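Because the structure is a prediction, the values reported are computed rather than measured. Computed over heavy atoms, backbone and side chain alike; hydrogens, waters and symmetry mates excluded.
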Amino acid sequence: MLRHIILTVMFCLLFSFLAAQVDSLYLPQFANPFYDTFSRNYNGTTAAGRGYTGVAILGGMDNALLNPASVLPGLGTILVEMNVKPSMEADGYPMYANYVSKVPIGMLAINATIASKFSAGLLYSNPKSITLEDFSFYTNQGQNMIQRFPTYNLHQATAMVAYHRGPLHLGLNLHNQIHYIDDPIFLRSYDRVKEFAYNLRVQPGLIYEFSNMNMGLTMMPSSKFDWDLKYASYEAVLPLWIAGGVQFATAKYGIAAESEWEQTSDICDSFEDRYTFKAGLEKYSGDLAYRLGYHFSSNVYSGMIPLAVNYANPDTSNAWDSVPELIYIKDNAQHSITAGISYYSKYGSLNLALMQVVAGDIKKTQVNISLGFYLKKIIHKRNPL
C-alpha cells in the first residue's frame, strides 16, 4: 500500500514537472499553431478565391498581407472585408463544446499613391480568432456549473509602403500585433484572466516581372516576446516564415503557384515545421473575374497536450477530479479547395470567396466578402466660387 502511495505521489510530481516544462515551451493554448486549423483567418478575398495565392500577383490592398510589394500605385481605395467561419465541434472537454469565431471583420484598409513610384497604405486585420464555447463542468454535486469561454484573437495594425520601378517592385509591412487572451483555461482556479501582449513583426517583399511571368518572395523573421498570464509566463516565439511563388498571366487568364515554410519547430521541439502549397487560376471576362484554387497545409503536431494548471494556489475541491487534464490534438493537415468571383465597376469592386477543407481531420469552412471603393468617386471635388 505504501509503495502504491509513493508511486502515485512520484507520478503526480513528475506530471506537474512535465506540465510546467511544456507550459514554458508552448504558447498559450489557443495561440499554438495546431489551432490554426480553425483560428486562421485567410484575409484577402481575391487571394482566398484562388487558393490564397498572391505572393507574385500585382494588384491592390487586398493582397498586401501576402506581399507588400504587390500593391501598385493608382487610384486610392478603401477596402472593407468580412470573414465568416461556421462553428466546429470541439472534442475532449468535460461537456459538449464548439469552436466559434466572434470577430467577423477580416480587414479594413486604405491606400494612396505617393508620387508616381510609391504606394502606401494602412490596414487593420484579424489574422486569427477562436473562442471555445464553452469549457464547463459541474460543482457542488451537480448543483452548480462553472462556465468559461476561452478566447484568443490576434489583432493587427499594419503600415505598408511599396516602391515600383520598371519590372522591380519592393515593399515593406510593419505589423503591430496585439495578442489578446480572455478567459484562458487554468485548472484548479476559478479566477478569470484577461491579458494582451504587443509584438512588432517586419515583412519585406519583392516581385520581379518577366514578360508574362512574375516571381515573388516575402518573409517574416522570427520574433520573441514575454507573455504573462498571471498563472503562467511564456517566452513566446513567433517563427520564421518564408513564402515564394510565380504567376503566369495573359489578358484573359492568370495561373499562380506558391509554397510557404514556417519554422514552427522553433516554438517547441515536439512540433514539426509547417509547409504550405497553393495553386490558383483566374479567368477575366469583362467586368468579372472568376477564381478557383487548391490549398494544402501540413501537420504541425498531433497528440496529447496538458491543460494549464494553477500551481500557485490551487483549489483542492473534488469537482476538479472529473475535469480532464489532457486534450488530444488531431492531425492538422488540411487540403482545401477554393472558389471566388469579383465584379468591377467604375466605383470599386465586390468580391466573394469560399474556402472548404475537403480532406483532413478538421473540416473547416470560410466565407469571405469584401467591398472596395475608389476614393476619387467618394470624395467629389468642388469648384471654388
Side-chain angles (χ1 to χ4, degrees), residues 36 39-72 74 77-85 101 103-111 119 121-129 154-160 162 169 171-173 175 177 201 203 205 207 214 216 218 220 241 243-245 247 254 256-260 276 278-282 289-295 297 336-344 348-356 364-373:
D36 288 359
S39 68
R40 174 75 183 273
N41 299 320
Y42 293 95
N43 302 129
T45 304
T46 57
R50 56 175 183 253
Y52 209 59
T53 57
V55 173
I57 298 175
L58 296 169
M61 283 297 284
D62 58 345
N63 210 52
L65 295 178
L66 284 168
N67 191 341
S70 67
V71 182
L72 291 171
T77 58
I78 293 177
L79 181 71
V80 179
E81 178 180 276
M82 306 291 284
N83 288 354
V84 177
K85 296 185 296 187
S101 177
V103 184
I105 299 176
M107 185 189 302
L108 299 173
I110 184 171
N111 77 298
S119 54
L122 297 173
L123 304 90
Y124 162 79
S125 60
N126 183 37
K128 296 184 182 182
S129 59
L154 173 55
H155 301 283
Q156 185 170 264
T158 301
M160 182 280 303
H169 308 269
L172 179 67
N173 280 336
H175 300 298
Q177 297 185 334
R201 301 205 75 182
Q203 180 190 2
I207 295 176
N214 296 345
T218 187
M220 281 190 285
W241 172 81
Q247 183 207 26
E258 298 174 6
S259 62
E260 299 177 5
T276 303
K278 306 178 285 184
L281 170 67
E282 285 184 302
Y290 305 93
R291 302 180 181 94
L292 292 172
Y294 165 78
H295 185 281
S297 185
S336 302
I337 57 172
T338 73
I341 186 172
S342 291
Y343 169 71
Y344 298 96
S349 63
L350 170 63
N351 312 287
L352 296 169
L354 169 67
M355 300 184 71
Q356 175 63 56
K364 173 189 171 182
T365 301
Q366 178 174 305
V367 178
N368 293 27
I369 179 170
S370 67
L371 287 169
F373 303 96

Open item on the list: Using a 3.5 Å distance criterion without hydrogens, assess whether the side chain of Asn63 forms a donor-acceptor pair with backbone atoms of Gly54.
Closed with: yes
Task: Minimal non-hydrogen separation, Gln366 against Arg40, with atom names - done: OE1-O, 3.7 Å
TODO: Measure the shortest side-chain to side-chain distance between Tyr290 and Leu281 over non-hydrogen atoms and say whether it is less than 4.5 angstrom.
DONE: no
TODO: Would you please test Lys364 and Ser336 for side chain to side chain contact (heavy atoms under 4.5 Å, CB included) and show each step?
DONE: CA-CA 9 Å; Lys364 173 189 171 182; Ser336 302; over 6 Å; no
- [ ] Please tell me if the side chains of Gln247 and Ile207 come closer than 4.5 Å, counting only heavy atoms from C-beta onward.
- [x] no
- [ ] Taking all non-hydrogen atoms of both residues into account, name the closest pair between Ser342 and Thr46 and its distance.
- [x] OG-CG2, 3.9 Å
TODO: Please report the closest heavy-atom contact between Gly171 and Pro68, naming both atoms and the distance.
DONE: C-CG, 3.5 Å
- [ ] Locate the shortest heavy-atom distance separating Ala353 from Thr45; write the atom from each residue and the value.
- [x] CB-O, 3.3 Å
TODO: Report yes if the side chains of Lys278 and Glu260 come closer than 4.5 Å at any heavy-atom pair, otherwise no.
DONE: yes
Task: Leu122 CG to Met61 CE distance, which is reported to the nearest 0.5 Å - done: 7.0 Å
Open item on the list: Under a 3.5 Å distance rule, please check whether Ser119 uses its side chain to pair with a backbone N or O of Val71 as donor and acceptor.
Closed with: yes
Open item on the list: As an exercise, state the distance from CZ of Arg50 to CD of Glu282, rounded to the nearest 0.5 Å.
Closed with: 4.5 Å
Task: Heavy-atom pair with the smallest gap, counting every atom of Met160 and Leu123 - done: CB-CD1, 4.2 Å
Task: Interatomic distance, Ile78 atom CD1 to Leu108 atom CG [nearest 0.5 angstrom] - done: 10.0 Å
Task: Listed once per pair and sorted, the ring pair (Phe, Tyr, Trp, His ring centres under 6.0 Å) pairs that draw on residues 41-64, sequence neighbours left out - done: Tyr42-Tyr52, Tyr42-His295
Task: Side-chain heavy-atom pair Leu350, Ile369 within 4.5 angstrom cut-off - done: yes
Open item on the list: Taking the side chain as everything from C-beta on, heavy atoms only, tell me whether Ser70 gets closer than 4.5 Å to Ile57.
Closed with: no
- [ ] Please check if the side chain of Asn111 supplies one atom and the backbone of Gly121 the other of a donor-acceptor pair under 3.5 Å.
- [x] no
Task: Check: Asn83 side chain, Asn368 main-chain N or O, donor-acceptor pair, under 3.5 Å - done: no
- [ ] Work out which heavy atom in Met355 is nearest to a heavy atom in Thr338; give both atom names and the distance.
- [x] CG-CG2, 3.7 Å
Task: Side-chain donor-acceptor pair present, Glu258, Thr53, cut-off under 3.5 Å - done: no
Open item on the list: For a quick check under 3.5 Å, do Ser101 and Ser129 share a side-chain donor-acceptor pair by atom type?
Closed with: yes
Task: Side-chain donor or acceptor of Asn173 paired with backbone N/O of Ala64 under 3.5 Å - done: yes
TODO: Would you tell me whether Asn43 and Ser125 have side-chain atoms, one donor and one acceptor, within less than 3.5 Å of each other?
DONE: no
Open item on the list: With side-chain contact (heavy atoms from CB on, under 4.5 Å) as the test, pick out the partner of Lys85 among Val103, Thr365, Asn41.
Closed with: Asn41
TODO: State, with a plain yes or no, whether a side-chain heavy atom of Thr158 is found less than 4.5 Å away from one of Leu65.
DONE: yes
